[in-house]
Amino acid sequence: MMEKNHKEAIRKNYTFIIENLTPESVVDSLHQEEILTMYMKEDVEVCKTRRDKVVKLLDILVRRGPRAFDSFITALHDTEQKFVAEKLLETVQIGQNKQLLNGMEI
């Protein structure tokens, strides 16, 4: 399973990702890294609209194990979509900072 903080980053940025992600090249990269099977890749590709492709990809991605998030970030960098990767990583960092603060006694 994908780590909870990574799933949370995707959930918190869901609309942003849907509005900004170009899924085709990301899907190819995730398939190459064996995060997506050929069946999963085709499942995304058959969707009619870009939005539907992104929604399907995210639905699959959050179930693909602990390597999926890091591979997604790498795929975003490799496909010139660094701004999406940076937004996700920023959300993860904010969540980790909050966890640290909540764990400290004041």
Side-chain angles (χ1 to χ4, degrees):
M1 276 297 218
M2 183 180 279
E3 290 182 30
K4 184 181 176 185
N5 62 332
H6 293 161
K7 279 185 182 180
E8 189 69 12
I10 290 171
R11 185 191 63 76
K12 286 183 176 180
N13 293 290
Y14 194 76
T15 301
F16 177 82
I17 297 168
I18 289 171
E19 291 174 351
N20 290 284
L21 184 72
T22 303
E24 292 80 8
S25 54
V26 172
V27 168
D28 288 338
S29 180
L30 291 172
H31 177 254
Q32 181 177 316
E33 293 299 316
E34 298 181 344
I35 299 299
L36 300 180
T37 65
M38 180 58 76
Y39 173 78
M40 292 170 179
K41 180 179 183 283
E42 290 170 354
D43 211 21
V44 172
E45 291 172 342
V46 299
C47 293
K48 296 195 185 308
T49 66
R50 186 195 59 77
R51 182 190 189 288
D52 289 346
K53 288 177 184 182
V54 175
V55 168
K56 177 57 91 178
L57 173 60
L58 294 177
D59 183 51
I60 294 169
L61 191 64
V62 296
R63 299 185 190 141
R64 291 305 294 162
R67 289 184 37 238
F69 186 81
D70 290 338
S71 294
F72 183 47
I73 296 298
T74 299
L76 291 168
H77 279 273
D78 292 348
T79 60
E80 305 301 320
Q81 300 181 75
K82 293 176 184 168
F83 66 102
V84 178
E86 290 167 359
K87 180 94 166 152
L88 287 167
L89 291 172
E90 179 182 306
T91 303
V92 169
Q93 185 62 48
I94 290 169
Q96 289 172 342
N97 290 346
K98 285 182 181 177
Q99 285 178 341
L100 287 173
L101 288 173
N102 288 336
M104 296 174 61
E105 290 186 31
I106 298 174

- Rounded to the nearest 0.5 angstrom, the CD-CG distance for E33 and D28 is 12.0 Å
- Task: Please report the closest heavy-atom contact between A9 and L88, naming both atoms and the distance.
- Result: O-CD2, 3.6 Å
- Message: Could you walk me through whether L89 and Q93 satisfy the side chain to side chain contact (heavy atoms under 4.5 Å, CB included) test, starting with their C-alpha distance in whole Å, then the side-chain angles of each, then the deciding distance to 0.1 Å, before giving a yes or no?
- Response: CA-CA 6 Å; L89 291 172; Q93 185 62 48; over 6 Å; no
- Message: Please evaluate residues T22 and E80 with respect to the criterion side chain to side chain contact (heavy atoms under 4.5 Å, CB included), reporting the C-alpha separation (whole Å), side-chain torsions for both, the decisive distance (0.1 Å), and the verdict.
- Response: CA-CA 10 Å; T22 303; E80 305 301 320; over 6 Å; no
- How many angstroms lie between CZ in R63 and NZ in K7, if you round to the nearest 0.5 Å? 8.5 Å
- Message: Between V27 and K53, does the side chain to side chain contact (heavy atoms under 4.5 Å, CB included) criterion hold? Intermediate values first, please.
- Response: CA-CA 9 Å; V27 168; K53 288 177 184 182; over 6 Å; no
- Query: So F69 and H6, would you call those rings parallel, tilted or perpendicular, with 30° and 60° as cut-offs?
  - Reply: parallel
- Message: Between T37 and R64, is the side chain to side chain contact (heavy atoms under 4.5 Å, CB included) condition met? List the steps.
- Response: CA-CA 10 Å; T37 65; R64 291 305 294 162; 4.3 Å; yes
- Give a yes or no on whether I94 and F83 share a hydrophobic cluster (residues Ile, Leu, Val, Met, Phe, Trp, Tyr; joining criterion: side-chain heavy atoms under 4.5 Å apart). no
- Item | Atom pair CD (E45) and NE2 (H31), whose distance is rounded to the nearest 0.5 Å | 9.0 Å
- Message: Which residue is it: L57, D43, V26? I am looking for the one with a side-chain contact (heavy atoms from CB on, under 4.5 Å) to L36.
- Response: L57
- Note on the structure: Heavy-atom nearest pair, Q81 first then N20, reads OE1-O, 3.9 Å
- Which atom of T91 lies closest to which atom of K12, heavy atoms considered: CG2-CD, 4.0 Å
- L58: which of V54, V62, V55 passes side-chain contact (heavy atoms from CB on, under 4.5 Å): V54
- Query: To the nearest 0.5 Å, what is the distance between CD (E8) and CD (E3)?
  - Reply: 13.0 Å
- Decide salt bridge (Lys or Arg N to Asp or Glu O under 4.0 Å) for E34 and R67; before the verdict, give the C-alpha distance in whole Å, the side-chain angles of both, and the deciding distance to 0.1 Å. CA-CA 10 Å; E34 298 181 344; R67 289 184 37 238; 5.8 Å; no
- Message: What's the separation between atom CG in L30 and atom OG1 in T74, rounded to the nearest 0.5 Å?
- Response: 9.0 Å
- Message: Strictly distance-based, threshold 3.5 Å: is any side-chain N or O of R50 a donor or acceptor partner for the main-chain N or O of I18?
- Response: yes
- Query: According to a 4.5 Å side-chain heavy-atom criterion applied to Ile, Leu, Val, Met, Phe, Trp and Tyr, with indirect links allowed, do L61 and M1 form part of one hydrophobic cluster?
  - Reply: no
- Side chains of S29 and D78: do they bring a donor and an acceptor to under 3.5 Å? no
- Task: To the nearest 0.5 angstrom, please state how far the CE atom of M2 sits from the CG atom of D70.
- Result: 9.0 Å
